[in-house]
Number of protein chains: 2
Amino acid sequence: MYSIGDLSRRTGVKVPTIRYYEQMGLLEAPERSEGNQRRFAKAELERLAFIRHARDLGLTINSIRQLIDLSGHADRPCADADRIAKEQLASVRERIAKLQKLEEELERIATCCTGETVGDCYVIRALSDHSLCGHEH
Amino acid sequence: MYSIGDLSRRTGVKVPTIRYYEQMGLLEAPERSEGNQRRFAKAELERLAFIRHARDLGLTINSIRQLIDLSGHADRPCADADRIAKEQLASVRERIAKLQKLEEELERIATCCTGETVGDCYVIRALSDHSLCGHEH
DNA sequence: CCTAATTGCTCTAGTGACTAGAGGTTCAAG
DNA sequence: CTTGAACCTCTAGTCACTAGAGCAATTAGG
């Protein structure tokens, strides 16, 4: 039996966040001590590690809830789990592509500033004048 | 003089978002018609385009406010503007690096699922068992 | 000039995934 | 038995919007 603090130390998930996950239905309401404090079993530790991992991978609370529901039915086809992972992958790739465009543009903006005062600062001019951009966005 | 809808159409910023920016102090409170509707001058159109551009580049409202304050003092050294742009560039690069790690891992997870049912689904096992990961995170 | 459709107004509340704080209770070590 | 850390619940705040209610003003057509 782990206290909420134990769980937090073992998974790296902060204490209020664990309570939040419980509230959101990702963790089931655990047993309580006589004094009403949470006491978690090993299964809950593992589930929290799962949640942590999935969050690190950028899955939303909702996606994680779906996966947890899924994993409760070991007999179902895993196409859904596969789909969630693939969707996540697609969204990550999209975000990367978008950020790389920004990187390019910021690079140009941030390295070309030769002015001495704000009046002729390239950063501010570039932000004001879209036409200085390398490409559309 | 532009109505809020004109401004919205010209900049691509939604009407409620324009009001939100005003509330946040990014746009100054504009003149009003006799019937209390906002009437924007050209300067405000330009400022909104600036804001839009900066938001597209991922700058926070706070950073944008700083840049706007800065641009009001054309005589100041532009080191601050430069710093904001560089910080933004660094944060974008960080985000890209992080996402690329996720991409790698999701790729592995999403493409290796050969199981037919959730019981032996690689996606769910990989999320449960951190040790299946290619690298630390 | 009148009417209807569109656009505008303010205000409140909701989103996601937490985080912070108040004000109180329980637990474990010494 | 005391003390201080850890725990409890509840509310509110974060960021950058978005949605909706319930009205008022504007504009285009007839």
Side-chain angles (χ1 to χ4, degrees), chain A residues 1-27 29-40 44 47-48 50-68 84 87-88 91-92 95 98-99 102, chain B residues 1-27 29-40 44-45 47-48 50-68 84 87-88 91-92 95 98 102:
Chain A
M1 285 296 159
Y2 310 99
S3 73
I4 198 168
D6 290 342
L7 227 67
S8 172
R9 271 182 297 279
R10 276 161 204 270
T11 59
V13 179
K14 286 182 191 160
V15 167
T17 306
I18 296 173
R19 288 195 277 250
Y20 170 74
Y21 287 159
E22 183 186 328
Q23 213 185 311
M24 292 300 102
L26 296 192
L27 293 170
E31 290 179 45
R32 297 287 182 131
S33 73
E34 284 191 16
N36 197 36
Q37 297 193 357
R38 287 169 181 81
R39 291 295 175 261
F40 296 90
E44 273 129 3
R47 175 175 287 195
L48 185 55
F50 173 102
I51 295 168
R52 168 89 215 260
H53 194 178
R55 282 296 300 136
D56 280 351
L57 291 172
L59 302 197
T60 65
I61 297 278
N62 254 342
S63 293
I64 296 171
R65 209 191 335 255
Q66 285 174 49
L67 286 176
I68 287 173
I84 290 172
E87 275 172 15
Q88 195 52 32
S91 115
V92 165
R95 277 186 276 164
K98 240 182 149 182
L99 284 174
L102 299 190
Chain B
M1 284 295 161
Y2 309 99
S3 73
I4 198 167
D6 291 341
L7 228 66
S8 173
R9 270 181 298 278
R10 275 161 204 270
T11 59
V13 178
K14 287 182 189 158
V15 167
T17 306
I18 296 174
R19 288 194 278 251
Y20 170 75
Y21 288 159
E22 182 186 328
Q23 215 185 311
M24 292 299 103
L26 295 192
L27 292 170
E31 289 179 46
R32 298 286 183 131
S33 73
E34 284 190 16
N36 197 35
Q37 298 192 355
R38 287 170 180 80
R39 292 295 176 258
F40 297 90
E44 273 129 4
L45 174 66
R47 176 175 287 196
L48 185 55
F50 173 102
I51 295 169
R52 167 91 215 258
H53 194 179
R55 283 293 301 135
D56 279 351
L57 292 172
L59 302 196
T60 64
I61 298 277
N62 252 343
S63 292
I64 296 172
R65 209 190 336 255
Q66 285 173 49
L67 286 175
I68 287 173
I84 290 171
E87 275 171 15
Q88 194 53 32
S91 115
V92 164
R95 277 186 276 164
K98 242 183 147 181
L102 299 189

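Each chain gets a letter, A, B and so on, in the order its sequence line appears, and its residues count up from 1. The shown structure was predicted, so the numbers you read here are calculated from the model rather than taken from an experiment.
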Undergrad: Yes or no on side-chain contact (heavy atoms from CB on, under 4.5 Å) for B:Y20 and B:I61, after CA distance, side-chain angles and deciding distance?
TA: CA-CA 11 Å; B:Y20 170 75; B:I61 298 277; 4.3 Å; yes

Undergrad: So does A:R32 get a side-chain nitrogen or oxygen closer than 4.0 Å to the phosphate oxygens (OP1/OP2) of D:dT9?
TA: yes

Undergrad: Please check the phosphate of D:dA16 (OP1 and OP2 only) for any side-chain N or O of B:R52 closer than 4.0 Å.
TA: no

Undergrad: Strictly below 4.0 Å, N to O, side chains only: are A:R38 and A:E22 in salt-bridge contact?
TA: yes

Undergrad: Considering only side-chain heavy atoms of A:Q37, which listed nucleotide, D:dT18, D:dC17, D:dC7, is closest?
TA: D:dC7

Undergrad: Using 4.0 Å as the upper bound for N to carboxylate O, is an ion pair formed by B:R52 and B:D56?
TA: yes

Undergrad: Please confirm whether the backbone N or O of B:M24 pairs with a side-chain atom of B:R65, one donor and one acceptor, at under 3.5 Å?
TA: yes

Undergrad: Is there a side-chain contact (heavy atoms from CB on, under 4.5 Å) between A:I64 and A:Y21? Walk through the geometry before answering.
TA: CA-CA 11 Å; A:I64 296 171; A:Y21 287 159; over 6 Å; no

Undergrad: Taking all non-hydrogen atoms of both residues, which atom of B:G5 and which atom of B:V15 are closest, and how far apart?
TA: CA-CG2, 4.2 Å

Undergrad: Using the closest heavy atom to pick a nucleotide of DNA chain C for each, name whichever of A:E34 or A:K14 lands nearer the 5' end.
TA: A:K14

Undergrad: Starting at CG of B:D56 and ending at C1' of D:dC17, how long is that distance when rounded to a whole Å?
TA: 14 Å

Undergrad: Give the first and the last nucleotide of DNA chain C, reading 5' to 3', that has any atom under 4.0 Å from a heavy atom of chain B.
TA: C:dG8 to C:dT10

Undergrad: Establish, with yes or no, whether the OP1 or OP2 oxygen of D:dC7 is under 4.0 angstrom from a side-chain nitrogen or oxygen of A:S3.
TA: yes

Undergrad: Expressed as a whole number of angstroms, how long is the span from B:I4:CD1 to D:dT26:C1'?
TA: 15 Å

Undergrad: Could you tell me how far apart B:N36 (CG) and D:dC23 (P) are, to the nearest whole angstrom?
TA: 17 Å

Undergrad: Without swapping roles, check the side chain of B:R47 against the backbone of B:L26 for a donor-acceptor pair under 3.5 Å.
TA: yes

Undergrad: For the side-chain contact (heavy atoms from CB on, under 4.5 Å) test, which of B:L7, B:L48, B:I51 pairs with B:V13?
TA: B:L48

Undergrad: Let's see if you get this right: which residues in residues 18-25 of chain A place a heavy atom under 4.0 Å from DNA chain D?
TA: A:R19

Undergrad: Students often get this wrong, so: under 4.0 angstrom with heavy atoms, is B:R9 touching a base, only sugar-phosphate, or nothing?
TA: nothing

Undergrad: Compare every heavy atom of A:M1 with every heavy atom of A:D6, then report the nearest pair and how far apart it is.
TA: OD2-O, 4.5 Å

Undergrad: Both A:R39 and B:T17 contact DNA chain D. Taking the nearest nucleotide for each, which residue is further toward the 5' end?
TA: A:R39

